[in-house]
Enquirer: 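There's a structure below that I have some questions on.
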Amino acid sequence: MIVEEEKIKIINFLQDFGCVTIEQLQILCEKPNYSFKEILSSNAVSLKGNIFVHNTKKIDKKMIAALDVLCKYKKRLIHFKKGYDPVYITFLTKNDTLYNIIVTDKDNEKGVLKLLNINPPYFQEADKYIVLFEDEESFDNIECCVPYLYCTYPEIKIVKSSDL
């Protein structure tokens, strides 16, 4: 059971981030095996398969991938916030390292590569980047001066890292 205050926090989270899987919500809220069905009664949220979606948003596979990465860092998190395409999430870890999770797809892949390769990169300053591409083809085209971890999605798979 979640209290009303938690329910409101989750709905506000969904309003900001748009969508989240049940599994991701369980990790981020530290409530394993909980269904979160109470948030559906608000009429602000719907459930599509295993994904909660705010009614003013749509399912965003890139956001789901970024949230998967965030869940992997959950034990080290201090704070996180939503960014805007292609920097989906920025988060700070307990050792004061600021990360940008950058997610691309085939439509904006070349543009993101150009922005990464500018020295310094175009994106807001971060100590490290986690870049997610749909395939491994773009890795050799990155010449970024900021340490980064190159991953593929939708199944998050680490391809290579540069000093991360």
Enquirer: Take I10 and Q15, measure what side-chain contact (heavy atoms from CB on, under 4.5 Å) needs, and give me the verdict at the end.
Expert: CA-CA 9 Å; I10 293 168; Q15 187 173 12; over 6 Å; no

Enquirer: Between atom CZ of F133 and atom OH of Y153, what is the distance when rounded to the nearest 0.5 Å?
Expert: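 Separation between the atoms: 9.5 Å.
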
Enquirer: Might you point out which heavy atoms bring L70 and I101 nearest each other, and give the distance in Å?
Expert: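 Where L70 meets I101 most closely, the heavy atoms are N-CD1, 4.1 Å.
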
Enquirer: Do the side chains of T97 and K128 get nearer than 4.5 Å, heavy atoms only?
Expert: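 In contact.
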
Enquirer: Is a donor on one side and an acceptor on the other found under 3.5 Å between the side chain of D127 and the backbone of L98?
Expert: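 Flag set: sc D127 to bb L98 pair under 3.5 Å.
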
Enquirer: Cluster question for you: counting only ILVMFWY and a side-chain heavy-atom cut-off of under 4.5 Å, with indirect links fine, are I8 and V20 together?
Expert: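 Hydrophobic grouping puts I8 apart from V20.
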
Enquirer: Could you check whether N33 and Q26, counting side-chain N and O atoms only, form a donor-acceptor pair closer than 3.5 Å?
Expert: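 N33 and Q26 do not have a side-chain donor-acceptor pair below 3.5 Å.
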
Enquirer: Determine, for E136 against K160, whether the closest basic-nitrogen to carboxylate-oxygen distance falls under 4.0 angstrom.
Expert: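 Looking at K160 together with E136, the answer is no, because their closest N to O distance does not fall below 4.0 Å.
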
Enquirer: Does any part of the side chain of K82, heavy atoms only, come nearer than 4.5 Å to the side chain of M63, both counted from C-beta?
Expert: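 Answer yes - side chains close enough.
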
Enquirer: Would you say the rings of Y99 and Y129 are close, in the sense that their centroids are separated by under 6.0 Å?
Expert: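 Centroid separation for Y129 and Y99: 6.0 Å or greater.
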
Enquirer: Using 0.5 Å steps for rounding, measure from the NZ atom of K72 to the CG atom of L149.
Expert: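 K72 NZ to L149 CG: 11.0 Å, rounded to 0.5 Å.
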
Enquirer: Answer whether the closest heavy-atom distance between the side chains of C19 and I64 falls below 4.5 Å.
Expert: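 Heavy-atom side-chain distance check passes, below 4.5 Å.
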
Enquirer: Check whether any side-chain heavy atom of T104 sits under 4.5 Å from a side-chain heavy atom of L132, and report yes or no.
Expert: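 No; the side chains remain at least 4.5 Å from each other.
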
Enquirer: Report the distance from atom CG of L67 to atom CD of E23, rounding to the nearest 0.5 Å.
Expert: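 One finds 12.0 Å between CG of L67 and CD of E23.
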
Enquirer: With a 4.0 Å cut-off on N to O distance, would you call K106 and E137 a salt bridge?
Expert: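 Looking at E137 together with K106, the answer is yes, because their closest N to O distance falls below 4.0 Å.
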
Enquirer: Following the transitive rule for hydrophobic clusters with a side-chain heavy-atom cut-off under 4.5 Å over Ile, Leu, Val, Met, Phe, Trp and Tyr, establish whether I51 and I11 coincide in one cluster.
Expert: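 Different hydrophobic clusters.
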
Enquirer: Would you find a donor on one side and an acceptor on the other, under 3.5 Å apart, between the side chain of D68 and the backbone of C71?
Expert: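 No; judged by distance alone, with no hydrogens or angles, the pair does not exist.
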
Enquirer: Does a sphere of radius 6.0 Å around NZ in K74 hold more than 12 heavy atoms from other residues, nucleotides or ligands, not counting ones at 6.0 Å or beyond?
Expert: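 Enclosed.
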
Enquirer: Got a salt bridge between E134 and K61, using NZ or NE/NH1/NH2 to carboxylate O under 4.0 Å?
Expert: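 Salt bridge present between E134 and K61.
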
Enquirer: Identify the heavy atoms of K57 and V53 that sit nearest to each other, and give their distance.
Expert: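 Nearest pair, atom of K57 first, then V53: O-CG1, 3.6 Å.
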
Enquirer: Give a yes or no on whether the backbone of I142 and the side-chain of N117 come within a donor-acceptor separation of less than 3.5 Å.
Expert: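 Between the backbone of I142 and the side chain of N117 there is no qualifying donor-acceptor contact (under 3.5 Å).
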
Enquirer: Test F36 against K31 for side-chain contact (heavy atoms from CB on, under 4.5 Å), laying out the working first.
Expert: CA-CA 9 Å; F36 297 96; K31 292 189 177 287; 4.0 Å; yes

Enquirer: Assess the side chains of Y34 and E38: does a donor N or O sit below 3.5 Å from an acceptor N or O?
Expert: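 Their side chains do contain a donor-acceptor pair, which is all the 3.5 Å distance test asks for.
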
Enquirer: Are any of the side-chain heavy atoms of L92 and L77 separated by less than 4.5 Å?
Expert: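 L92 does not reach L77 side chain to side chain.
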
Enquirer: Rounded to the nearest 0.5 Å, what's the gap from SG on C144 to CG on L115? Could you check?
Expert: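 Answer rounded to 0.5 Å: 10.5 Å.
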
Enquirer: Going through the checks in order, is the side-chain contact (heavy atoms from CB on, under 4.5 Å) test met by Y122 and V112?
Expert: CA-CA 9 Å; Y122 170 80; V112 170; over 6 Å; no

Enquirer: Do L40 and L47 come close enough that some side-chain heavy atom pair is under 4.5 Å?
Expert: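 Answer yes - side chains close enough.
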
Enquirer: Counting N and O atoms only, with roles assigned by atom type, does the side chain of K7 sit under 3.5 Å from a partner on the main chain of S41, one being a donor and the other an acceptor?
Expert: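 Judged by distance alone, no pair lies under 3.5 Å.
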
Enquirer: To the nearest 0.5 Å, how far apart are CD1 in I59 and CZ in F52?
Expert: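 One finds 12.0 Å between CD1 of I59 and CZ of F52.
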
Enquirer: Donor-acceptor check, side chain of N100 to backbone of I102, threshold 3.5 angstrom: yes or no?
Expert: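 Absent.
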
Enquirer: I want to check something: taking the side chain as every heavy atom from C-beta on, are C151 and I130 in contact at a cut-off of under 4.5 Å?
Expert: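 Result yes, sub-4.5 Å side-chain heavy-atom pair found.
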
Enquirer: Is a donor from one side chain sitting under 3.5 angstrom from an acceptor on the other, for S138 and E109?
Expert: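 Yes, a side-chain donor-acceptor pair sits under 3.5 Å.
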
Enquirer: Tell me whether D60 contacts the main-chain N or O of G18 through its side chain, where contact means a donor paired with an acceptor under 3.5 Å.
Expert: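 It does not hold such a pair.
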
Enquirer: Quick check: do V69 and I156 have side-chain heavy atoms less than 4.5 Å from each other?
Expert: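 Of all side-chain heavy-atom pairs linking I156 with V69, at least one is under 4.5 Å.
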
Enquirer: If you measure from CG on L25 to CG on N50, what distance do you get to the nearest 0.5 Å?
Expert: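 Separation between the atoms: 11.5 Å.
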
Enquirer: Please determine whether residues I27 and F17 belong to a single hydrophobic cluster, defined as Ile, Leu, Val, Met, Phe, Trp and Tyr linked transitively by side-chain heavy-atom distances below 4.5 Å.
Expert: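 No; tracing contacts between hydrophobic side chains, which count when under 4.5 Å, never links both residues.
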
Enquirer: Once you measure the plane-to-plane angle for F80 and F13, does it fall in the parallel (<30°), tilted (30-60°) or perpendicular (>60°) bin?
Expert: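 If you compare the ring of F80 with that of F13, the planes turn out perpendicular.
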
